[in-house]
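Here is how names work: the chains are called A, B, and so on, in the same order as the sequence lines, proteins then strands, and each is numbered from 1.
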Amino acid sequence: MWLMGNVIEIEELTKVYGWLPWRRTVTALDNLTLAVPEGAVFGFLGPNGAGKTTTIRLLMNLIHPTSGRALVLGKSPDDVKMKERIGFLPDSPAFNPYLTAREFLEICAKLLRLSPDRRRSRVEEVLEVVGMSAHANSKLGGFSRGMTQRIGIAQAILNHPDLLILDEPLVGLDPHGRQELEEIIFRQEEEGTSVFFCSHILSDVEKICDHIGILSEGHLICNGPIKKLLSETGLNVAVVPGGDDAATKLLLDATSSERREDGGWDLVLPIDAAARVGSVMKAHPGQVSQLPLFETLEEFFFRKVGRLEEKEGRGA
Amino acid sequence: MDRIMAVAGGTWRRILRMPVVYFLVLCVVALVGSAYRYNMLSLGMHKTIMMDTSLALNTLAAILVAISITFEIPRELRSGVATTLLAKPLGRTQYLVGKLVGISIAGLVITGMIGVGFCLVFITAFDRVAMSMVQGHLLVMGSVIPMCAVGVLFSVVAPDPLAAVLTALVIWFGHSTAAVLGGIPVLYGGITPDFNIFNLKAESAHEVAISWWYILLATLWGVSFAVSVLVVSSSFFSRKDLR
């Protein structure tokens, strides 16, 4: 049953590729259960071959599940009408090379049943948003990877979607393009669009997403709000100028320390030194302040999935 | 309907924007025109030769268009063009119908251009063109739809080189039905495609009148055959995993 407030609900979804008896079968997804809350920017992470693209293709009804079920915006993925409310950017977007960017977007707008007037104005709008107005009449076959990606983004946001599904949207984009895409995603989020975002670039995911799910070998290994998942790894402690006594007590435990120009101290202490910091703060009121230090998404990802070298070592 | 026409638009535009298409049409018309020079060699039968050549080459063009769809659909599936379209509110059957309509429009335009080119050449040479000759070319145009439907069927069930070979075989078989299966009336013109009904070269070449009813019924058979083949294609395609 669809729970209000989730844009995507996946229940025990399994996908096994290969059915010919003389060929090896591959389990791309194994009993995946996942929910993406409405309004979230959800980062779907995992190493290559984890099953991210398979999940997206199942959600878009491009492939059929072996077992289990999924609901997108409360509807089954094979509901064609539901796709009027979805924007989708595939992992390597490809378009008819003989069409111009404008013609292709007009075809997409027709498929989305936009009225002729709305179609024309919306196509111009999205071309402007992705910075491709100058290339509107150029044939898609002559576009670079980055330009193709921009047109892919344009077709995905053409219908002001309720749910935007992006498979590796940052691949092929230059730093400007990546920044622009981040802005587009933030704008979509402000307009109330939920975003399901699949990427390898963890620093961007950390910046853009508020929820993440990590997939490994077809299994979901964690899922939730990014702020809850990333644990505290230490404390950032600042000591005011003249607080040398307090600083001396803390320096013993500090993993890094730096004397500021004003005579104060900036220290980083491990999380197990929290009690000691507390007692120093009590003993020297007003001289010491602390802020929790969280692990990065990259550290979290490797902690959960394991480093490639470790995996290879395990395999050997 | 809008969605089907949107897919069809992308397809026929792609084909009709290829310069090679117009070069081939020009070659066909030039080849038909050159038959005028066989006056002496054929003891005055050059008119018939021109008509026969034009219909044969126009049929060949229609077959090439039908075979081209067997490369077009697998290429779109492989490259991800189809994925982008099918992620929009477009059913898989609508996609296939759109492809068939698009390729048929391209085929009709190409065979139509050859037909018009033939008429212009013929009028230039003999000051007139018989109605049966025009009807012969119209029948070739009518054969585009069922032949393209065969191409669509094989393009969803087989990889592209095999789909092209199978389509060519079925079209050859369809044009030879009377010869190959003449003694088996159950199959003839029924389950197996009978493209011979679009082949009235003899009547056209010898200016024997063809009934408009015949042309209408042949076209209707072509459309109903295409619809049946599309139903089968769609049932395969709807179960297919798209990579």
Would you mind checking which part of Arg92(B) comes under 4.5 Å of any heavy atom in chain A, side chain (CB onward), backbone (N, CA, C, O), both or neither?
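Side chain of Arg92(B) only, per the 4.5 Å heavy-atom cut-off to chain A.
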What option among Lys240(B), Gln94(B), Glu76(B) has the most heavy-atom pairs under 4.5 Å with chain A?
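Looking at each option in turn, the highest pair count goes to Lys240(B).
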Atom [atom1] of [X] with >12 non-hydrogen neighbours under 6.0 angstrom:
X         : atom1 : value
Glu125(A) : CD    : yes
Arg113(A) : CZ    : no
Glu124(A) : CD    : yes
Phe236(B) : CZ    : no

I need the Ile107(A) CD1 to Leu90(B) CG distance, nearest 0.5 Å.
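The CD1 atom of Ile107(A) sits 11.0 Å away from the CG atom of Leu90(B).
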Of all heavy-atom pairs between [X] and [Y], which one has the smallest distance, and what is that distance?
X        : Y         : value
Ser79(B) : Ala94(A)  : O-CB, 2.9 Å
Pro97(A) : Arg75(B)  : CD-NH1, 4.5 Å
Tyr98(A) : Arg17(B)  : O-NH1, 2.8 Å
Ala6(B)  : Lys110(A) : CB-CB, 3.9 Å

Given a strict heavy-atom distance threshold of 4.5 Å, which part of Glu106(A) is in contact with chain B: side chain, backbone, both, or neither?
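Answer is neither: Glu106(A) stays 4.5 Å or more from chain B.
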Carboxylate-amine/guanidinium proximity below 4.0 Å for [X] and [Y]:
X         : Y         : value
Asp241(B) : Arg57(A)  : no
Glu84(A)  : Arg3(B)   : yes
Arg14(B)  : Glu103(A) : no

Knowing that exactly one of Thr84(B), Ile4(B), Leu85(B), Leu86(B) qualifies, which makes a side chain to side chain contact (heavy atoms under 4.5 Å, CB included) with Leu111(A)?
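Single pass found, and it is Leu85(B).
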Before giving the answer on side-chain contact (heavy atoms from CB on, under 4.5 Å), spell out for Phe88(A) and Lys88(B) the whole-Å C-alpha distance, their side-chain angles and the decisive distance to 0.1 Å.
CA-CA 8 Å; Phe88(A) 172 57; Lys88(B) 296 270 177 279; 5.9 Å; no
